[in-house]
Protein chains: 2
Amino acid sequence: MNRSIISGEDGARLLDEDQVEDPLFVQAIARALHVLSVFHKAEQPLSLTEIAEASGTGRSAAQRVVHTLRALGYIERDETGRGFLPGIRVLDHTVDYLRLNKLIERATPVLLDLRKNARERIDLSLFDDLRVVYAARMQSKRETFFATLVGHSVPTFCTSGGRAIMAHLTDAQVDDIIARSDRRPFTDKTITAPDEVRAMVREARQNGYALTVEEVLVGEVALGVAVLGQGGRPLGAIHVAGSLSEWTPDAFRARFAPLAVEAANAINRLR
Amino acid sequence: MNRSIISGEDGARLLDEDQVEDPLFVQAIARALHVLSVFHKAEQPLSLTEIAEASGTGRSAAQRVVHTLRALGYIERDETGRGFLPGIRVLDHTVDYLRLNKLIERATPVLLDLRKNARERIDLSLFDDLRVVYAARMQSKRETFFATLVGHSVPTFCTSGGRAIMAHLTDAQVDDIIARSDRRPFTDKTITAPDEVRAMVREARQNGYALTVEEVLVGEVALGVAVLGQGGRPLGAIHVAGSLSEWTPDAFRARFAPLAVEAANAINRLR
DNA sequence: AAGTCTGTATCGACTAGCGATACAGATATA
DNA sequence: TATATCTGTATCGCTAGTCGATACAGACTT
């Protein structure tokens with residue numbers, strides 16, 4: 001039972017039962033953002049009742065939240081047909097996040113340089129527990145794919161960047177991530193067995209990078225190198241991605257591993 | 001007194017006094033999102049007290065909101081140094097917005113095609129009252145600029161896309177937008193005088209597109225064509241942007257106006 | 001015309017959030 | 001070394017604000 005990369009069925013941190021006990025935890029906020037998060041699983045505009053059901057709130061509360069969110073621009077009505085959609089206002093926060101993120105800031109010039117030399121697609125992803133979130137993509141020359149992957153996330157356990165990141169964690173942390181991950185495969189090449197994943201992580205530890213072949217996308221080979229912050233903690237990863245129609249995995253590795261590792265080092269050196 | 005395109009000092013819809021009277025308006029949500037919006041004017045991590053001051057809330061309330069937002073991943077601590085930053089969770093909503101937006105969906109293939117023919121930078125922007133928000137960018141062959149402009153916004157009154165959009169509004173609406181806009185210039189070529197802007201809009205009405213020369217960025221010539229929805233209402237615009245080092249404005253217009261207009265028509269025809 | 005969806009609105013009961021106040025750790029003044 | 005002022009965190013009682021029930025109008029089905 002493979003799954004798609006398109007839909008957002010990943011680690012959407014929803015409200016935790018414990019948090020209801022926390023006196024510092026403002027419930028209304030959680031409810032509101034929970035309502036907004038409902039769209040993560042949606043494929044089309046949602047009606048008020050659908051929102052209410054999906055968010056677990058009653059119709060009344062859902063309507064009042066939607067009303068407010070709409071007034072603030074975080075939710076819009078669908079023009080054609082009925083229902084609601086996320087509003088354009090969310091993009092303001094996107095740009096704030098990207099702009100203020102120090103890792104992105106210091107990685108950008110290095111990535112531009114890497115892309116020039118590599119002439120393949122370069123991505124920057126950010127580590128977020130069970131997943132790795134794309135923050136920037138520099139498309140390759142020939143590739144006409146949509147530049148806007150910002151915000152897309154893929155599981156840590158089965159991506160080149162994720163594995164490179166795990167290589168900088170303790171075994172216990174790696175095991176924890178593997179155990180908690182939804183390990184449904186994307187392709188029939190996706191490695192999901194905990195032992196095999198652990199082996200890949202050990203390999204990445206020795207190499208200083210991770211290579212994945214068709215684990216997320218058929219025909220794609222990807223090489224990931226972790227980017228580190230404070231005291232060696234992995235914050236994200238650089239990805240170089242190419243097509244198997246042009247490269248064998250080994251040729252890809254030989255060509256791009258040095259470049260990518262050097263780029264990551266350059267970023268790490270900046271602090 | 002020119003201004004920068006980088007910082008987010010645009011139409012951030014904050015809470016309106018009237019809304020306090022609205023019984024359906026959930027204040028806690030507005031407060032929370034207002035706190036998140038505080039980062040729109042920030043250039044660096046914000047301390048709790050800075051957040052409190054900027055959002056108008058007391059320290060206590062601000063702390064409690066930040067606490068919750070942090071638990072949910074919408075706010076993070078800055079690793080190095082102190083203070084808070086927007087959290088990675090906001091990118092989830094970004095991808096939801098982009099994914100569910102019908103205009104982006106139907107425009108994408110056409111834009112890819114346009115980029116192939118034009119070989120210049122192609123943008124898709126969405127109309128949001130006083131501003132126009134970039135939703136997608138397909139970079140040109142040679143351009144190494146960062147692909148991640150998603151969420152950036154520029155004023156409607158002085159951009160090619162914005163003017164093309166205004167060409168599809170009534171005169172009263174255009175006047176309203178001009179009047180309410182913060183018309184500080186970006187460059188010394190920025191046209192800010194209401195009458196001149198109106199003239200440009202009239203011109204755009206006749207041509208079916210708008211051309212701007214260095215009004216936002218020095219050295220840039222841009223051509224915008226509106227994209228329409230339900231009953232001719234403008235939803236956004238296609239932009240083609242080039243460099244004055246390669247094109248005279250007239251040559252640019254002659255070369256790309258037909259292509260861009262045709263692309264916009266293609267998108268409009270899809271519904 | 002009866003039925004079932006939309007989205008919207010009102011109001012009282014009670015809970016959940018605000019503000020005041022306090023504390024601990026880090027960095028900066030004297 | 002001491003005093004001051006930041007940082008972020010935590011507690012608790014009063015009351016303002018939210019939830020849920022209930023109701024209504026318009027748009028599609030049947």
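So that the names make sense, note that chain A is the first sequence line, chain B the second, and so on, each numbered from 1.
- One finds no side-chain N or O of R59(A) lying less than 4.0 angstrom from the OP1 or OP2 phosphate oxygen of dG20(D).
- Each of H67(B) and I29(B) lies near DNA chain D, and the nucleotide nearest H67(B) is the one positioned closer to the 5' end.
- If you check residues 45-54 of chain A against DNA chain D, you find no residue with a heavy atom closer than 4.0 Å.
- Where R64(B) and F84(A) meet DNA chain C, the nucleotide closest to each residue was compared, and F84(A) sits on the side nearer the 5' end.
- By the salt bridge (charged side-chain N to carboxylate O under 4.0 Å, His left out) test, R233(B) pairs with E79(A), sequence neighbours left out.
- Residue R31(B) contributes atom CZ, which lies 8 Å from atom C1' of dG17(D) at whole-angstrom precision.
- At a threshold of 4.0 angstrom between heavy atoms, the contacts of R77(B) are confined to the sugar-phosphate backbone, with no base atom among them.
- Put simply, the side chain of R131(B) never gets that close to the backbone of T156(B): no donor and acceptor are under 3.5 Å apart.
- Of all nucleotides in DNA chain C, those with any atom nearer than 4.0 Å to a heavy atom of chain A start and finish, going 5' to 3', at dT6(C) to dG17(C).
- Among residues two or more places apart in sequence or in another chain, the ring pair (Phe, Tyr, Trp, His ring centres under 6.0 Å) test is passed with Y74(B) by H93(B).
- In this structure, CD of Q44(B) is placed 12 Å from P of dT7(D), rounded to the nearest angstrom.
- Salt bridge present: R205(A) and D171(A) bring a charged side-chain N and a carboxylate O closer than 4.0 Å.
- By the side-chain contact (heavy atoms from CB on, under 4.5 Å) test, D176(A) is found to be paired with R180(A), residues two or more places apart in sequence or in another chain being considered.
- When the ring pair (Phe, Tyr, Trp, His ring centres under 6.0 Å) test is applied to F127(A), no partner is found at least two apart in sequence or on another chain.
- Within the structure, the ring-ring contact (aromatic ring centres under 6.0 Å, His included) test picks out no pair touching residues 45-71 of chain B (sequence neighbours left out).
- For E53(A), the side-chain contact (heavy atoms from CB on, under 4.5 Å) criterion is met by no residue, not counting sequence neighbours.
- With sequence neighbours excluded, the residues that form a side-chain contact (heavy atoms from CB on, under 4.5 Å) with L85(B) are L100(A), P45(B), D78(B).
- When the C1' atoms of four end pairs are superposed on the next four at each end of the helix from dG7(C)-dC24(D) to dC23(C)-dG8(D), using five pairs per end, the two resulting axes differ in direction by 50°, to 10°.
- Screening residues 154-165 of chain B for salt bridge (charged side-chain N to carboxylate O under 4.0 Å, His left out) gives R163(B)-E215(B) as the qualifying pairs, with residues at least two apart or on separate chains.
- With sequence neighbours excluded, no residue forms a side-chain contact (heavy atoms from CB on, under 4.5 Å) with Q44(A).
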